[in-house]
**Q** 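Sharing a structure below in structure tokens format, with a few things to ask.
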There are 2 protein chains.
Amino acid sequence: MSKLPSLKNLTYLLALHQHQNFNRAAQACFVSQSTLSSGIQNLEEQLGCQLIERDHKSFLFTGMGEEVVERAREILTHTEELVNFAQSQGNIMEGPLRIGCIPTIGPFILGPLSKALKQNYPKLSLYIREDTTHQLMNLLRDGDLDVLILALPVDLQGNQQWVVGKDPFKMALVPELAKLAGEPVDYNKLPNKSIFLLEKEHCMTGHAVTACRLGNKDKINPFTASSLHSLIQMAEALQGATFVPQMAIDAGILNGSDLIITEPGDGEAYREIGLVFRPTTSRRQTFRKLAEVLAEFLPISTLN
Amino acid sequence: MSKLPSLKNLTYLLALHQHQNFNRAAQACFVSQSTLSSGIQNLEEQLGCQLIERDHKSFLFTGMGEEVVERAREILTHTEELVNFAQSQGNIMEGPLRIGCIPTIGPFILGPLSKALKQNYPKLSLYIREDTTHQLMNLLRDGDLDVLILALPVDLQGNQQWVVGKDPFKMALVPELAKLAGEPVDYNKLPNKSIFLLEKEHCMTGHAVTACRLGNKDKINPFTASSLHSLIQMAEALQGATFVPQMAIDAGILNGSDLIITEPGDGEAYREIGLVFRPTTSRRQTFRKLAEVLAEFLPISTLN
DNA sequence: TACTATAATCGAATAATCTGATTAGCTTTT
DNA sequence: AAAAGCTAATCAGATTATTCGATTATAGTA
């Protein structure tokens, strides 16, 4: 049995991979550049293969280096989970829980969700990050987040998902358009460029268009909003229409607005809400409890 | 972020769990008893919880200790796999491969299998262990084996399986009984206690009885054999019948015997052969290649 | 040319790990 | 009851590994 590499050296390798720079990686690990440099060399020696190609000035991870990084990441995540588990005495609802959430969900459920979690599990220390699906997936992969609350479907990239509930889409329009379009809304009766959407970075844009079966792209206004709140403002100010998720309406996003809420298009229009996590996690029990609490704050729960 | 435990201390914990004795565990790790003792204490301190209950003379693993052992085992296995992968330069068919196989399969395919593997992948170093399904599952869990070749179905205990092929059961009987029973064999025409089986430790006993639909237990002789070879001897010497897998017949187990080979009972009588491995392994690609080679030596391949 | 930034290298300081001897508690043997 | 044999824990000292700061070499930039 050959000698195992030290976890410390593996973290050095991960930091180097993340920062692509010895100095910054060393800083991130709170060690000197020389320590990190020799740590990497040590690792290469132990593993008997080159992990990075040196180029006198810069460097590049080899294919093997990338593979080792990926495996090392999993090992370190597992070890951290082991430590957390032990330090919280096996209580799965203690210790740090790092949740990622998209901006078209976060503002409407994270408040009550974290309040309920704090109340039921006071020893749980929540860290919450709000970002786009794409960014959150990166943070999940890198082990910077434990679990994501996302709107589905999503490109899982090897991760695992649990569907927790549904969030219906409504259409919000100015009174004039509401009269014109009827209920459920007949998109053909709306003027061209009268429907406002979020920037394409938000997955809600695609989900809404698909779920509400908005086929005619001419109805879409080319100006996009960067948040649901500004989307509402935009639709109202420019005498248009837009899609709003039920949970946002429940949270009172339309309070003080003159927009009319109606059913969009034909058929069931909703997005699914779910949890996404690494398939190699050892915190499924924790996520299950999280899913149960989360389900309470969704318009429609489909848990179990 | 709290400090991570050292892999060394985790191996100490695993050794202690396996040997249930500080001295023997220390020996197995090639360190002194004091080193192992302080290593464990160190670990408990870092994790902030008790892993073993000391009882003035002996000790017992706590519930948390058992859980930590299980997680530590996974971490260490992953790390070993990382080292092997790196040291064999990413070539998945290099380095050590530890295979477990049951005695009613091993003697008939391990020869040609390992010959083919050696030929196609000369840098692969095979270690092969032959034991009962139960024992092999323990060795797999403990990380002492990488993959098992078993007859299915089997209690997976959380492991993953791939079905690779089928191995039909035949009935071998002395000529007198063959005339009596016809083909396919009508068990009712056989005398009581005329069918011989392996010891119940062998999973083939159950598989054969089920697959060949032998309902009437009165036909079974209470004397059992401890190997297929002695089973054949027994059936011949005591003028009886028995079930023999096709792969054993192909390997010539009945050469020099007067037993007649016939179809057993009604319908398709076979056992499935498959690979079993830890779901957390990172050597699926290696096992896939192994499955492909294995399939060639099975009477019927069902791969893909 | 001087300046900045990069990664590697080296010796000395520091931290960790390991050992062997010893202790203390308990069981078995004499 | 005493002695011998295990057990695991403890401690001082030796050994080994890790880390740092300073320095070097190289390349790009002002």
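Chain letters run A, B, ... following the sequence lines, proteins first and then strands; every chain starts at 1.
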**Q** Are the charged groups of B:Arg73 and B:Asp142 less than 4.0 angstrom apart, N to O?
**A**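 Salt bridge flag = yes for B:Asp142 with B:Arg73.
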**Q** Whole angstrom is fine here: how far is it from CZ in B:Phe61 over to C1' in D:dA8?
**A**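 In whole Å, D:dA8 C1' and B:Phe61 CZ are 14 Å from each other.
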**Q** Within less than 4.0 Å of OP1 or OP2 of D:dT18, is there a side-chain N or O belonging to A:Thr35?
**A**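 Answer is no, no contact under 4.0 Å.
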**Q** Name the closest nucleotide to the A:Lys8 side chain, picking from D:dA8, D:dT18, C:dA7.
**A**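 Taking heavy atoms from C-beta onward, the closest nucleotide is D:dT18.
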**Q** In this structure, how many angstroms lie between the P atom of C:dT6 and the CD atom of A:Gln27, rounded?
**A**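 The distance from CD of A:Gln27 to P of C:dT6 comes to 10 Å, rounded to the nearest Å.
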**Q** Tell me the interatomic distance from A:Leu36, atom CG, to C:dT6, atom C1', rounded to whole angstroms.
**A**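 So the two atoms are 14 Å apart, to the nearest Å.
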**Q** Could you give the CD1-to-P distance, from A:Ile40 to D:dT18, as a whole number of Å?
**A**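 Whole-Å distance recorded here is 13 Å.
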**Q** Would you say the base of D:dA9 and the side-chain of B:Gln33 have a donor-acceptor pair closer than 3.5 Å?
**A**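 Present.
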**Q** Could you tell me if A:Arg71 sits above the aromatic ring of B:Phe85, with its cationic atom closer than 6.0 Å to the ring centre and no more than 45 degrees from the axis?
**A**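 Flagged: A:Arg71 positioned over aromatic ring of B:Phe85.
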**Q** Do A:Pro107 and A:Glu130 have side chains that approach each other closer than 4.5 Å (heavy atoms only, starting at C-beta)?
**A**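 Yes, at least one pair of side-chain atoms sits under 4.5 Å.
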**Q** From C-beta outward on B:Ser37, which listed nucleotide comes closest to its side chain: D:dA9, D:dT7, C:dT6?
**A**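 Closest of the options to the side chain of B:Ser37: D:dA9.
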**Q** Please report, rounded to the nearest Å, how far the P atom of C:dA7 is from the CD atom of A:Gln41.
**A**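 Roughly 12 Å, once rounded to whole Å.
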**Q** Indicate whether OP1 or OP2 belonging to D:dT19 is found under 4.0 Å from a side-chain N or O atom of A:Tyr12.
**A**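 Checking D:dT19 against A:Tyr12, a side-chain N or O does come within under 4.0 Å of OP1 or OP2.
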**Q** Starting from P on C:dA7, measure out to CZ on A:Arg54 and report it in whole angstrom.
**A**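 Rounded to whole Å, this separation is 10 Å.
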**Q** May I have the step-by-step check of side-chain contact (heavy atoms from CB on, under 4.5 Å) for A:Phe277 and A:Arg283, ending in yes or no?
**A** CA-CA 9 Å; A:Phe277 47 88; A:Arg283 300 187 72 183; over 6 Å; no
**Q** With the side chain counted from C-beta on, respond yes when A:His202 and A:Ile102 share a heavy-atom pair under 4.5 Å apart, and no when they do not.
**A**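 Side chain of A:His202 against side chain of A:Ile102, heavy atoms only: no contact under 4.5 Å found.
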**Q** Of all the choices, D:dT18, C:dT9, D:dA8, which nucleotide is nearest to the side chain of A:Ser34 once you look at every atom?
**A**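 From the listed options, C:dT9 comes nearest.
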**Q** Please state how far atom CG in B:Leu4 lies from atom P in C:dA16, giving the value in whole angstrom units.
**A**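 The answer, rounded to whole Å, is 14 Å.
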**Q** Just the rounded figure in Å: distance from C1' of D:dC6 to CD of B:Gln20.
**A**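 Going from CD in B:Gln20 over to C1' in D:dC6 covers 16 Å.
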**Q** So which one's nearest nucleotide on DNA chain D is more toward 5', B:Arg24 or B:Ser38?
**A**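 Its nucleotide being nearer the 5' end, the pick is B:Arg24.
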**Q** What's the closest nucleotide to the A:Phe22 side chain, out of C:dA8, D:dA9, D:dC20?
**A**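 Nearest listed nucleotide: C:dA8.
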**Q** Would you say A:Asn21 reaches C:dT6's phosphate, i.e. side-chain N/O to OP1/OP2 under 4.0 Å?
**A**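 Result: yes.
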**Q** Of all the nucleotides listed (D:dT7, D:dT18, D:dT19), which has the minimum atom distance to the side chain of A:Asn42?
**A**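 Side chain of A:Asn42 sits closest to D:dT18.
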